[in-house]
Trainee: 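This is the structure, below, for whatever I ask next.
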Amino acid sequence: DGGGNQELVRLSALDFFEAVGSVAQSCHGKTNFVACPSPALMYRLLLSNTAVSIDRVCNLLLLFKGIFQRIRSKSLSSSDVMDTENQMNDASGSRTEDLYGLEK
């Protein structure tokens, strides 16, 4: 039965990306790298005819949304720190733009 095999592949892909997401979530901001499913794969996974698969896809989307929000907030806060350091160094007469490779 081809439908049963397709559902098995769907569930295996969901298992894999749930494991990847849980590993990324357990890193607690130690890394900015996460392997996420492609939009095409997510679309294919949503074409399932079972509610269980669709529910798992929605949970997977929520998991990765949380991870990306954490990474984004971390990168924004680190860029704020760099901006503050630049302002402090500019006030003292240092040219931090050259250090970071930025041009005026």
Trainee: Which heavy atom in L63 sits nearest to a heavy atom in S22, and how many Å separate them?
Mentor: CD2-N, 4.1 Å
Trainee: Roughly how far, to the nearest 0.5 Å, is CD of Q6 from CG of N49?
Mentor: 9.0 Å
Trainee: List the residues meeting side chain to side chain contact (heavy atoms under 4.5 Å, CB included) with L41, not counting sequence neighbours, and say none if there are none.
Mentor: F17, P37, S38, L45
Trainee: Same hydrophobic cluster for L62 and Y43, using side-chain heavy-atom links shorter than 4.5 Å among ILVMFWY?
Mentor: no
Trainee: Do you reckon V57 sits in the same ILVMFWY cluster as F16, going by side-chain contacts under 4.5 Å, direct or chained?
Mentor: yes
Trainee: Which value, rounded to the nearest 0.5 Å, describes the distance between L8 atom CG and S12 atom OG?
Mentor: 4.5 Å
Trainee: Quick one: closest heavy-atom pair of E18 and R56, and the distance?
Mentor: OE1-NH2, 2.9 Å
Trainee: So, using side-chain hydrogen bond (donor to acceptor under 3.5 Å, both in side chains) as the criterion, who are the partners of T50 when residues are at least two apart?
Mentor: E7, S48, S53
Trainee: For residues M42 and L60, determine if any side-chain heavy atom of one lies less than 4.5 Å from a side-chain heavy atom of the other.
Mentor: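 Result yes, sub-4.5 Å side-chain heavy-atom pair found.
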Trainee: Are V9 and L11 connected in a single hydrophobic cluster, I mean Ile/Leu/Val/Met/Phe/Trp/Tyr linked by side-chain heavy atoms less than 4.5 Å apart?
Mentor: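 They do not share one cluster, since no chain of ILVMFWY contacts under 4.5 Å joins L11 to V9.
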Trainee: Is it the case that more than 12 heavy atoms not belonging to F68 sit under 6.0 Å from its CZ atom?
Mentor: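 Result for CZ/F68: enclosed.
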Trainee: Please report the interatomic distance CG(L47) to CD1(I54), rounded to the nearest 0.5 Å.
Mentor: 8.5 Å
Trainee: Which atom names give the shortest non-hydrogen contact between G21 and I67, and what distance separates them?
Mentor: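 Minimum heavy-atom contact is O-CD1, 3.4 Å.
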